[in-house]
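Scroll down for the structure; my scribbles are underneath it.
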Amino acid sequence: MEYNFISIEEKWQKYWHEKKIYKANNKSDLPKYYVLDMFPYPSGSGLHVGHPLGYIASDIISRYKRLKGFNVLHPMGFDSFGLPAEQYAIKTGQHPKITTENNILRFKEQLNRLGLSYDWSREIKTSDSRYYKWTQWIFLKLYNSYFDKEKNKAVKISELNIPEGLTELEKNKFIDDRRLAYIDTIDVNWCEELGTVLANEEVIGGLSERGGFPVVRKPMKQWVMRITDYADRLLTDLDTLDWPESIKTSQRNWIGRSEGCEVSFQLENDKKIEVFTTRPDTIFGATYLVLAPEHPILNSIVTEDQKKEINEYKETALSKSDLERQENQKNKTGVFTGAYAINPMSKNKIPIWVSDYVLYGYGTGAIMAVPAHDERDFEFANKFNLKILKVIKSDEEFYSGSGQIINSGEFNGIDSLKFKDIVTEILEKNGEGKKTINYKLRDWIFTRQRYWGEPIPILHSKAGTKAVDEKDLPLELPEVDSYLPTDDGMSPLARNHEWKTISIEGKEYLRETNTMPQWAGSCWYYLRFLDPNNHVEFASEDSIKYWMPVDLYIGGAEHAVLHLLYSRFWHKVLYDLGYVNTKEPFKKLVNQGMILGNSAYIFRKTNQTGYVSSELENKYSTQKILVDIKYVNEKNELDIDLLKKENPKFKEGFFEFDKVFKVHREVEKMSKSKYNVVNPDEVCEKFGTDTLRMYEMFLGPLEQSKPWNTAGISGVHNFLKKFWKLYFNSDELRIDNSKPTDGSLKTLHKCIKKVSSDIETFSFNTAVSSLMITVNELTSQNCKSKDILEPLLIVLSPFAPHICEEIWEKIGNTESIVFSTFPDYIESHLEENTKIYPVSINGKLRYKIELSTALSKQDIEKAILSDKNFLKKLDGKQPKRVIVIPGKIINFVI
RNA sequence: GCUGAAGUGGUGGAAUUGGUAGACACGUUGGACUUAAAAUCCAAUGGAUAGUAAUAUCCGUGCGGGUUCAAGUCCCGCCUUCAGUACCA
């Protein structure tokens, strides 16, 4: 009997599917464990070997927890609204729904082939109206709530105190201004190429996160989520989470809390300018003010002779894209307004300037410039010859630290850290300032000018906005004749005029035609998995109480601030409104690393049709060009014939090489465009899923990124073959009822101990290693005992479930291995030979006995005295006596 | 610039957190079995020096210092790589 992985894997995947082995029950006396993968966007290219890394890890955990007696919830679904399907629709006219459905089928097929223990009865798709009904419902909860600053939580609009004597319109405005989901005309990140607005989190270095297209600022009417009200809670609750420190740090940075002081500077007339500073201690050094070009006070303070220049500057500054602004960092620009303000502490008259290095969106959009102690102000002051006044003692021309206060009148000599509080107090007393906390975090721009997303369930009329009635949800996506924006720049949904206009009780309304961003559906999907077929609620109270929070969440680090911040925000709102019982959704987070591709390049001679092998590259002037890795073997040799046959553009080329044509390799992100994608299906066919699963775990630490390299895969495959041979001798079962030897008992229990602690600490690579050692040891011990080999199957089964099920059945078990119990190790089976090491205790030399058996004092003394290294360190002096201390430490006296 | 992670054989990576550095695997070399190949099994494998040999000695965890009986691990100062972020006052 050979290890025929193909038929074994098919057989058991079918068995698990038909018997619904992994269906989780919402009612159980067992302790619960909720393991969640970040659900994928079903892209057209299917899975590559990088995707399953996290899925395999979470599958091992969930199988392990099941064997440990937990009721495990391990669901999977699809984040199926998204840009690629829509762009494909624009190109081909095919409805994104169809594209998405096809892609999902492909994904599911590939996922199932990996033997993942998902409860598919709970599958969800964010683009399914039965799902987005509740996304819209939650949107309305946000729309119908406001943030009560005193209670520090969200409260229903119905509990809002509305001032009396307002007209209907004023009343609506009063409410609209306080909703957690509100409309605002703001400068948004407009991406022309994508035809939509992007959230701040989706813009990286002035380019769109998806596609890398330029982004410009543009004022537009948008739905916005008041996430800033939650800044403080999002920040402090991070401390309660078992997340990687790097993710917590990036969230902290993104929220960007800074404590400081808002100071108001009196102008010569009765106007005032408020600035925010974290360094009120340097206020005597504030020698000028700077306003952001967008600052509204600008027009009213600028003097006649400066007006022209200011207007010109404003125009150029506002037309700049984010990218252009950033490029100018080293070369600051600015214009003098002609106006002056009074420094409230020094009473000096200081000039007011305008510059785009001050951001309108942060703080008050104006700063007091302290060139001696702030790098940016220093640069600006040098360029425009503004006064630089040192107020903290230091030898440097520019200094941003703390120290002794100077040049500050009666306050000289005070420590700057203390002076901070003193200044704040004085300003507060005079009504010229107050202590403030500022956040970098901005409100979340929630609308997208796209088709393939959740429609926003809102109606517009002259009186304001109105929610679609809850009982009319879901508000389904209308059909449109084209997926492009309308000619007058409205979202694609506006193309359906019949849908766009609606009349209720004789009143005419226009529907909101923008859709929600892709993050909306993924903000709360972990809750829908608890009770996915519920028609009355997004999930029943009982299911939420039982399953929440998610015990383990595995996914990529690329969602550090986007998805993970938004879903924490929504979860907190749902918590405030009483719909969920935990403050945070995800208790433990693990980031799996990326599996990188090994791209192959060949060198084309410049301006010629010839190609050269990588070792000849230096001889010519060449360009690197990509070739598909399927033409390259493990020794980096190119199959020229096949390449020419399948790619006409290489057909005429002359390939120059020494003995074989070698390609140049580069490790890059795995992607279709780099021709370096490895499909897991290929690996499954060649080696089997169990091999793939174990190999991906063996490759290195889960969190680390690493290149895919098939070189080592035979080692893991051989291990499984060896494992098989432990149970079968050609056609016969080797296994018998003989009493296990001490040696094999030790081997087994060592393995149980190591593997279970490795799984709990996510060290899957070392767990696989110790399984390999175990099988090698048992093979050389010629172990046949069922008492050893049966528990070993259970220990291996989370990693390689198919082969274990097969053997489990063949040795006479009738129920799936899934229902067995993970064995415990027994300490008495683990005894090792005595080893003695020198150790330092309180600075004194002692000896440590590792895992000692019962040794006599004489034995220990003998062991130490025969240790040559030890004697050498004592310069040949002989210890007079060795004292054995209870436990594992021995003392000695010279 | 700032923040975070990392740097160990030819390669991927171990090292119970201060205690035999290089587990396990790949690769390489040699051997067994084969007419042969594949498959499988066995042995060797950080470097240097000495020895016929068993073996012995020295050097070795990015670099330079330090603490310690003992440092890949701790401290100080650098270098390099990757990732995130960027005029946030």
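Below, chain A is the first sequence line, B the second, and so on; all start at residue 1. Please read these numbers as outputs of a predicted model, since none were measured by experiment.
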Say we look at [N] and [M]: how far apart would their [atom1] atoms be, to the nearest angstrom?
N	M	atom1	answer
G72(B)	A53(B)	P	31 Å
U45(B)	U55(B)	P	10 Å
G27(B)	A38(B)	P	13 Å
U8(B)	U61(B)	P	11 Å
G22(B)	G13(B)	C1'	10 Å
G66(B)	C82(B)	C1'	29 Å
U40(B)	U34(B)	C1'	11 Å
A23(B)	G10(B)	P	14 Å

Round to the nearest Å and state the distance from [X] atom [atom1] to [N] atom [atom2].
X	N	atom1	atom2	result
Phe687(A)	C26(B)	CZ	P	12 Å
Glu696(A)	G13(B)	CD	P	14 Å
Asp758(A)	C24(B)	CG	C1'	12 Å
Leu359(A)	A89(B)	CG	P	10 Å
Ile759(A)	U16(B)	CD1	C1'	17 Å
Tyr695(A)	C24(B)	OH	P	18 Å
Glu259(A)	A89(B)	CD	C1'	15 Å
Lys750(A)	C24(B)	NZ	C1'	13 Å

- Pairing residues for His295(A) by the ring-ring contact (aromatic ring centres under 6.0 Å, His included) criterion, not counting sequence neighbours: none

- Item | Non-neighbouring partners of Phe398(A) that pass ring-ring contact (aromatic ring centres under 6.0 Å, His included), sequence neighbours left out | Phe378(A)

Out of [options], whichever nucleotide has its closest atom nearest the side chain of [X]:
X	options	result
Ser714(A)	G27(B), A89(B), U40(B)	G27(B)
Ile773(A)	A89(B), C41(B), C24(B)	C24(B)
Ala711(A)	A25(B), C26(B), A86(B)	C26(B)

Which is true for [X] with a 4.0 Å heavy-atom rule: it touches a base, it touches only sugar-phosphate, or it touches nothing?
X	answer
Arg257(A)	nothing
Lys722(A)	sugar-phosphate
Pro244(A)	nothing
Asp377(A)	nothing
Asn718(A)	sugar-phosphate

- Query: Which comes earlier along RNA chain B counting from the 5' end, the contact point of Gly361(A) or that of Lys721(A), where each point is its nearest nucleotide?
  - Reply: Lys721(A)

- Note on the structure: Note: for Thr364(A) and Ser770(A) on RNA chain B, the residue whose nearest nucleotide lies more 5' is Ser770(A)

- Partners of Gln251(A) by side chain to side chain donor-acceptor pair (under 3.5 Å), sequence neighbours excluded? Arg568(A)

[X]: which residues meet the salt bridge (Lys or Arg N to Asp or Glu O under 4.0 Å) condition with it, sequence neighbours left out?
X	value
Glu262(A)	Lys434(A)
Asp443(A)	none
Glu274(A)	none
Arg442(A)	none

- Tell me, which stems hold RNA chain B, with a stem being 3 or more Watson-Crick or G-U pairs in a row and both distances under 3.5 Å? B:1-7 with B:79-85, B:10-12 with B:24-26, B:27-32 with B:40-45, B:46-50 with B:55-59, B:62-66 with B:74-78

- Query: In terms of side-chain geometry, is the basic nitrogen of Lys435(A) or Asp421(A) positioned less than 4.0 Å from the acidic oxygen of its partner?
  - Reply: no

- Message: Strictly below 4.0 Å, N to O, side chains only: are Lys420(A) and Glu259(A) in salt-bridge contact?
- Response: no

- Does G72(B) adopt a syn or an anti glycosidic conformation, taking syn as a chi angle within 90° of 0? anti

- Classify the glycosidic conformation of U17(B) as syn or anti, calling it syn when the angle lies within 90° of 0. syn

- If a pair satisfies side chain to side chain donor-acceptor pair (under 3.5 Å) and one of its residues is in residues 699-708 of chain A, list it, with sequence neighbours excluded. none

- Quick note, salt bridge (Lys or Arg N to Asp or Glu O under 4.0 Å) partners involving residues 761-780 of chain A, not counting sequence neighbours, are Lys750(A)-Glu777(A)

Can you tabulate the close N/O pairs, meaning under 3.5 Å, that link protein atoms to atoms of nucleotides 43-46 of chain B?
none

Below 4.0 angstrom from OP1 or OP2 of [N], is there any side-chain N or O of [X]?
X	N	answer
Ser258(A)	A89(B)	yes
Lys754(A)	U16(B)	no
Tyr357(A)	A89(B)	no

- Test item: side-chain donor near acceptor, Tyr439(A) and Thr228(A), under 3.5 Å: no

- Query: Does atom CD of Glu397(A) have more than 12 heavy-atom neighbours from other groups under 6.0 Å away?
  - Reply: no

- Item | Tyr566(A) side chain vs Ile227(A) backbone, donor-acceptor pair below 3.5 Å | no

Are any protein N/O atoms closer than 3.5 Å to N/O atoms in nucleotides 2-12 of chain B? If there are, list each pair with its distance.
unit_1: G12(B); atom_1: O2'; unit_2: Leu699(A); atom_2: O; d: 2.8

